Asker: 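Quick one: structure below, then a few questions.
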Amino acid sequence: MTRAETGDFVTYETDGDIAIIGLNRPHKRNAVSDRFVEAIHDAVTRASTEASAAVIHGHGPHFCAGLDLSEHSEKPLFEAVKGSRRWHAVFDGIERGTIPFVSALSGATVGGGFELAAATHIRVADSTAFFALPEGQRGIFVGGGGSVRIARLIGPARMGDMMLTGRVLDATEMERWGGVTYLAEEGGALERAKAIAWRMAENAEFTNYAIINALPRIADMSSEDGLFTESMVSALATMTDDARDRLRAFLEKRAAKVVAPGRDQ
Ligand code: 1HE
């Protein structure tokens, strides 16, 4: 059963256990204004309460052209700081929220659009997708968490190259750099992203929560602290009813096995 609603800036629908959030300002290439970022926040919050996984995609040929430059050029300094901090809070609700997010990327995935994609847990790009960080050309700086998230995905040297030179990468190049997780044919990113979201929605919800919240925190820790934290999270996961049921199902041969690529169950 699919339920769809159209807002000013985003569309929101559910399909089974997944939510599908569509950036919906195609005439401005889905450039993100202050009101737009609030609409993303509302949709993400709603998805987190209603769904087990979610997809973010862009209506029209482009995922997102980044920050709305017309609005930004008018901002006094402190307003710009607060605006950036708001993007951080909203994107943090994706990256370290309660459910996993997949982004379906096509066309421009630029500046803040790439920062939004970097806050999702899995990025699927079709063959039209291209990636750039034109902040150097615009005289500004990343402000949507890119210096942390994009730098960790592709490495600070590559990110610095993109910002310094205005280099534009296609989907294949970005996949090789680690900024894209799956490649899709032209027009195929959304369907692939939905299939991935449905797959993730079948996981135990506590495990999904632990994956998206523990992994980035452990990456910030020393090895010693990381290993200790891992043991705690691991033991907690084992205590859930879900773990007991799923482990018993496997032992009683009622659960799917891990299957080698290209083989049937
Ligand atoms: C915009 C924006 C925008 C398009 N803010 N209005 N981002 C950028 O530097 C990317 C700027 N945009 C572009 O390079 C191109 O627009 C695209 C490659 C994305 C698409 O090209 P195209 O030929 O399909 O569209 P267009 O004709 O350039 O744009 C259509 C309209 O969208 C046009 O408005 P119109 O009123 O003349 O029709 C554009 O002005 C408008 N538009 N992009 C405002 N970004 C939290 S910090 C993050 C920092 C950043 O994100 S920096 C990167 C900003």
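Quick caveat: nothing in here was measured; it's all calculated off a predicted structure. Every number for a ligand or one of its atoms is a count from 1 in the order of the listing.
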Asker: When you look for heavy atoms under 4.0 Å from ligand 1, do you find them on the side chain of L133, its backbone, both, or neither?
Answerer: neither
Asker: Would atom 46 (C) of ligand 1 count as contacted, meaning some protein heavy atom under 4.0 Å?
Answerer: yes
Asker: Please list the nearest protein heavy atom to atom 31 (C) of ligand 1 with its residue and the distance rounded to 0.1 Å.
Answerer: H27 O, 3.3 Å
Asker: Give the residue and atom name of whichever protein heavy atom lies nearest to atom 2 (C) of ligand 1, and the separation in Å to one decimal.
Answerer: A31 CB, 3.8 Å
Asker: For the 3.5 Å polar cut-off, considering only N or O atoms, please tell me whether P134 and ligand 1 meet it.
Answerer: no
Asker: Counting only heavy atoms from other residues, nucleotides and ligands, does the tally under 6.0 Å from CZ of F206 exceed 12?
Answerer: yes
Asker: Got the closest protein heavy atom to atom 49 (C) of ligand 1, with its distance?
Answerer: E135 OE2, 3.3 Å
Asker: Begin with the C-alpha distance, continue with both residues' side-chain angles, and end with the deciding distance and a verdict on salt bridge (charged side-chain N to carboxylate O under 4.0 Å, His left out) for E38 and R86.
Answerer: CA-CA 9 Å; E38 295 310 322; R86 185 64 187 147; 2.8 Å; yes
Asker: From atom 51 (O) of ligand 1, is the closest protein heavy-atom distance below 4.0 Å?
Answerer: yes
Asker: In terms of hydrophobic clusters joined by side-chain contacts under 4.5 Å, are I122 and F63 together?
Answerer: no
Asker: Using a 4.0 Å cut-off to any heavy atom of E115, which atoms of ligand 1 qualify?
Answerer: 46 (C), 47 (S), 48 (C)
Asker: Considering heavy atoms of the protein only, find what lies nearest to atom 11 (C) of ligand 1 and give residue, atom and distance to 0.1 Å.
Answerer: R138 NH2, 3.8 Å
Asker: With only distance considered, is G144 within less than 3.5 Å of ligand 1 through an N or O on each side?
Answerer: no
Asker: Flag the pair R244 and D241 as a salt bridge only when some basic side-chain nitrogen lies within less than 4.0 angstrom of an acidic carboxylate oxygen.
Answerer: yes
Asker: Would a single hydrophobic cluster contain both F130 and V180, if residues Ile, Leu, Val, Met, Phe, Trp and Tyr are joined by side-chain heavy-atom contacts under 4.5 Å?
Answerer: no
Asker: Within the supplied structure, the quantity of interest is the number of heavy atoms (other residues, nucleotides, ligands) at a distance under 6.0 Å from L77 CG; does it exceed 12?
Answerer: no
Asker: For atom CZ of R35, is the number of surrounding heavy atoms from other residues, nucleotides or ligands below 6.0 Å larger than 12?
Answerer: no
Asker: I'd like to check S84 versus F141 (side-chain heavy atoms, cut-off strictly below 4.5 Å). Are they in contact?
Answerer: no
Asker: Identify the closest protein heavy atom to atom 41 (C) of ligand 1: which residue and atom is it, and at what distance?
Answerer: K28 CD, 3.8 Å
Asker: Any chance CZ of R85 has more than 12 other-residue heavy atoms, nucleotides or ligands included, within less than 6.0 Å?
Answerer: no
Asker: Could you tell me whether some N/O pair between L69 and ligand 1 is separated by less than 3.5 angstrom?
Answerer: yes
Asker: Which residue owns the protein heavy atom closest to atom 18 (C) of ligand 1, what's the atom, and how far is it?
Answerer: F130 CZ, 4.1 Å
Asker: Counting from 1, what ligand 1 atoms have a heavy atom of G111 closer than 4.0 Å?
Answerer: 50 (C), 51 (O), 53 (C)
Asker: Closer than 4.0 Å to some heavy atom of G66 - which atoms of ligand 1 meet that?
Answerer: 51 (O)
Asker: Below 4.0 angstrom, counting only protein heavy atoms, does anything approach atom 54 (C) of ligand 1?
Answerer: yes
Asker: Going by distance only, is there an N or O of G112 that falls short of 3.5 Å from an N or O of ligand 1?
Answerer: yes
Asker: Do the charged groups of R248 and D245 touch, with an N to O distance under 4.0 Å?
Answerer: yes
Asker: Within ligand 1, which atoms have a heavy atom of A108 less than 4.0 Å away?
Answerer: 19 (C)
Asker: Does K82 pair with E79 as a salt bridge, N-O distance under 4.0 Å?
Answerer: yes
Asker: Does CD belonging to E224 count more than 12 external heavy atoms closer than 6.0 Å?
Answerer: no
Asker: Starting from atom 10 (C) of ligand 1, find the nearest protein heavy-atom neighbour and note its residue, name and distance.
Answerer: A65 O, 3.6 Å
Asker: Does atom 37 (O) of ligand 1 have a protein heavy-atom neighbour under 4.0 Å away?
Answerer: no
Asker: What protein heavy atom sits nearest atom 23 (O) of ligand 1, and how far off is it?
Answerer: R29 NH2, 4.6 Å
Asker: Step through the shown structure and confirm whether more than 12 heavy atoms of other residues, nucleotides or ligands are within 6.0 Å of CD on E173.
Answerer: yes
